[in-house]
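By convention here, the first residue in the shown sequence is residue 1.
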Amino acid sequence: MSITRLLRDWSFTQVGGGTGTQDGEWLPTSEFPTTVHVELLKLKRIPDPFIGLNEWDVQWVGEAEWAFKSTFTVTEEELRSSNADLVFEGLDTFAKVDLNDKTILETTNQFITYRVAVKESLKVGTNELLLTFASAFLKGRDIEKQHGKLGLWNGDSSRLHVRKAQYNYGWDWGPILMNVGPWRPISLQTYETRIVDVDVRSDVSEALDVKVYADLTISSNAMGHASFVLKAANGSVVASTTASTNSGHAKAHFDLPAGKVDLWYPVGYGKQPLYTIEAKLTNELGEVLDTQILRIAFRRARVVQDKLIDQEGLTFLFEINNIRIFCGGANWIPADSFLTTVTPERYKAWLRLMVDGNQNMVRVWGGGIYENDVFYDICDELGLLVWQDFMFGCGQYPAYDSFLKSVEVEVDQSIKRLRHHPSIVIFAGNNEDYQVAEQLGLELDYDDETSDFRKTNFPARHIYEITLPAAVKRNCDVYYHRASPYSGHGKPTTDRTFGDIHQWNVWHGSQEPWHNWDILSGRFVSEFGMQGFPNIRTVDYWLGGDKSERFPQSRINNNHNKADGFERRLELYLMENFKHSFEMESYVYYTQVMQAETLASAYRLWRRNWGGKGREYTAGALVWQINDCWPVTSWAIVDYFLRPKPAFFTIARELRPFTVGMTRKDHKKFANDRYADKFTIETKLEIWGTNSTLAEKKAKLEVTTFDLHSDWRQSMSWDVVLVPNASTELFKDTLPGQPVRTKTSEIPRVLIVSARLIDENGEVLGRYSNWPEPFKFIKFPTVEELGLKATVDADGESVVLSTDKPVKSIVLDVEGHDVKWSDQAIDLVPDDPQTIKAVGLDGREIKLRYLGDGTA
């Protein structure tokens with residue numbers, strides 16, 4: 001029988017002594033797996049790098065040499081097994097491994113699992129395992145000297161030669177913290193014959209019947225049998241079979257007619273039934289040698305690239321079980337600078353938050369890691385679709401022989417580990433490497449598919465166009481996409497009519513107004529974003545109690561924003577749109593509202609582009625980013641401590657099953673082509689609704705226009721039908737109450753348009769208030785004129801907001817510890833009160849921030 005036991009008792013030291021430990025001083029680890037920073041921090045031998053400027057006081061850790069040691073006992077019974085292997089699931093990164101003073105392994109890749117046969121090196125009784133880690137930073141610099149410096153965005157250029165989580169080198173949202181150590185489990189496995197691999201694939205036809213194929217690979221050619229049992233979640237057997245092992249393999253096949261098994265659907269479209277397949281290996285005597293259990297599910301997943309009606313290019317959309325899905329979601333970076341501290345509970349909290357925010361896709365970004373198994377398990381359970389990048393990001397990567405050989409092992413292992421997860425629907429070759437090539441003017445001819453790319457100055461094309469697609473095809477049936485972004489069809493990555501696009505012309509690039517999202521759309525927008533400060537409690541955490549630094553432009557606040565030119569960009573968008581204050585709490589508020597408005601606008605306008613079959617002009621929007629790896633001001637919509645920013649809630653509203661959206665635009669018409677001062681300006685209002693369900697929805701559309709500076713209002717309502725799984729145009733006419741203007745000096749009335757979709761039971765399906773922009777020109781009513789109230793119900797957790805005049809971007813808070821709010825950045829109008837849940841309010845007084853609250 002195959003037996004695996006984890007090696008848990010470890011100690012560590014700084015080789016040769018230094019700031020971390022004395023020479024020869026071995027300190028027990030607090031946990032395992034672990035890394036050096038984590039242990040030193042717990043021992044208070046380094047300051048918290050997440051506070052103040054401490055990041056720069058721990059850089060020596062990544063440039064020192066470290067060792068980890070474990071002594072473990074081996075029994076006579078274990079050594080009677082024919083085989084004994086040590087399995088290293090993850091060593092970060094350059095490690096020499098000695099067993100009983102004999103070198104058994106040298107590693108060069110953080111992402112590879114290494115297995116070493118050690119039966120001849122083990123002894124009955126006490127054995128010693130020693131891991132010595134060289135500095136990945138210094139090794140990378142040495143390799144770079146040998147092979148040459150290459151171009152990149154973010155981090156030190158030596159990272160391109162090192163197969164290590166690239167964000168450790170610093171990014172425009174993350175610190176430089178070079179992790180080192182055994183970051184995944186180490187175990188001893190004894191066995192006669194073991195199961196090397198279980199490859200289970202399902203083919204779901206268009207008719208939704210299921211064929212299941214299982215291929216078992218074993219470690220020897222010994223004769224025996226393999227049993228395969230497919231079980232439902234309740235333990236009932238769906239199908240089973242037995243096969244003889246032959247030349248190290250055993251195969252099984254099940255035909256399951258439609259309805260025999262339940263299909264797996266993305267969240268919002270159906271359930272997520274999960275099955276297990278148990279593969280059991282026995283010898284000719286019937287003795288069990290090894291068992292492996294995989295949790296699987298069945299779904300038909302396709303990336304559809306079809307011609308469009310009325311527009312150039314092709315769709316780029318995901319179809320699950322014959323249902324075309326608008327993918328609203330977010331990009332995922334590693335959840336911590338110190339990976340071993342991310343518990344299953346933290347993973348679940350993050351991913352649950354995405355689902356609670358009505359998101360259905362997460363993109364695992366290519367500068368981090370192939371995530372832990374539990375991450376994908378939770379996505380399977382929740383119905384979150386996964387876009388999985390391979391780990392190459394923002395660089396001109398090499399492809400010399402040793403690098404390529406390491407990559408080949410890495411990707412084979414990673415695909416085999418991940419392929420059974422129903423949530424994973426696409427593998428992408430890299431993050432933005434083709435964009436780097438375009439910007440640097442590298443040798444990149446999209447029409448050339450046959451050259452030896454390794455001989456060009458963009459050698460990694462060999463990896464993305466030959467190595468990776470071959471590995472994906474060999475090991476799984478998941479769709480492969482060369483990069484994100486990638487257009488294909490001979491087009492550059494900025495093309496908006498093919499493939500996916502990273503739309504950074506808001507914030508980066510041409511720094512467009514966020515109101516231009518509709519003309520900045522693409523077939524699938526896999527990155528876009530806007531920065532916003534995190535919760536003030538998070539800011540206070542990184543300030544570490546230093547009140548002299550509690551202003552937006554302080555040195556510590558600057559260190560906790562890693563984006564180049566962030567000061568200019570933040571102020572550009574603030575000055576264009578808001579009358580704002582530089583007092584700390586106010587600056588946090590205004591950047592958060594700016595982020596909330598920007599991102600909600602993108603989802604609102606791009607969902608409008610999901611117009612039904614043949615008109616899926618935009619099929620997905622993944623915001624950059626859902627999370628942070630440390631406390632920081634970034635593009636994240638939820639901060640490091642899992643505190644949602646207001647943008648999280650505005651996005652959640654735009655991703656509800658039913659939404660209503662509006663635009664207002666001024667149309668200037670000249671009397672003739674000779675005079676410049678004879679014209680009219682007419683304001684046009686357009687209204688649409690969206691429905692992500694698969695059935696049409698009858699509703700009443702109520703539209704009320706309010707004058708902010710008087711009691712005037714005008715209402716209209718009519719019955720509408722929202723077509724299934726698409727947007728529906730509902731209104732296009734002049735803005736009610738807005739006179740036609742004939743002079744630029746004529747100031748338009750400040751009219752707020754409130755639209756609500758009401759179902760037959762009176763439930764509000766969706767609401768949206770359209771305000772004139774920029775907000776900085778609005779003369780808001782006084783606090784006394786507003787009549788804004790927040791009333792707490794008897795349950796102590798339901799907060800009813802009401803007002804006498806329209807209010808923009810209400811953010812609720814209290815003194816002291818966090819409250820879990822159900823909504824934020826709320827637009828409120830008269831006679832439409834909204835109820836917000838406030839878990840943990842504990843009787844505290846509610847503070848309301850809103851535009852025009854007197855703070856600016």
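- Remark: aromatic rings of Trp517 and Trp606 are close, center separation under 6.0 Å.
- Between Pro781 and Lys805, the shortest heavy-atom distance links the atoms CG-CD, 3.8 Å.
- Counting only N and O atoms by type, the side chains of Thr591 and Gln595 include no donor and acceptor under 3.5 Å apart.
- Between Trp365 and Trp173, a ring centre-to-centre spacing shorter than 6.0 Å is recorded.
- Ion pairing between Arg608 and Glu686 holds under the 4.0 Å rule for side-chain N and carboxylate O.
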Can Lys684 and Glu682 be said to form a salt bridge (Lys or Arg N to Asp or Glu O under 4.0 Å), step by step?
-> CA-CA 6 Å; Lys684 297 287 188 180; Glu682 192 172 29; 3.7 Å; yes
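- Within a 6.0 Å radius of NZ in Lys700, no more than 12 heavy atoms belonging to other residues, nucleotides or ligands are found.
- You'll find the ring centres of Phe528 and Tyr603 inside the 6.0 Å limit.
- Checked against the 6.0 Å centroid criterion, the rings of Phe524 and Phe318 qualify as a close aromatic pair.
- Looking at Arg607, its side chain never comes within 3.5 Å of a backbone N or O of Ser727 through a donor-acceptor pair.
- Using the six-membered ring where Trp is involved, Phe780 and Trp771 have ring planes that are tilted, between 30° and 60° apart.
- Outside the 6.0 Å centre-distance limit, the rings of Phe582 and Phe551 are not counted as a close aromatic pair.
- Sorted by first and then second residue, the salt bridge (Lys or Arg N to Asp or Glu O under 4.0 Å) pairs involving residues 559-579 (not counting sequence neighbours) are Glu55-Lys562.
- Trp507 and Trp635 have perpendicular rings, their planes meeting at more than 60° on a 0 to 90° scale where under 30° would count as parallel.
- Donor-acceptor pairing under 3.5 Å is recorded for the side chains of Thr618 and Asn609.
- Within the cation-pi definition used here (under 6.0 Å to the ring centroid, within 45° of the axis), Lys697 qualifies as a partner of Phe658.
- Ring centroid separation for the pair Tyr434 and Tyr486 comes in under the 6.0 Å cut-off.
- To the nearest 0.5 angstrom, Phe578 atom CZ is 6.5 Å from Ser809 atom OG.
- With hydrogens and angles disregarded, a donor-acceptor distance shorter than 3.5 Å links the side chain of Asn691 to the backbone of Ala695.
- Under the rule for a ring pair (Phe, Tyr, Trp, His ring centres under 6.0 Å), Phe706 has no partner lying at least two apart in sequence or in another chain.
- In this structure, a donor-acceptor pair under 3.5 Å is absent between the side chains of His580 and Ser586.
- Residues Val750 and Lys779 are not in side-chain contact: their nearest non-hydrogen atoms beyond the backbone lie 4.5 Å or more apart.
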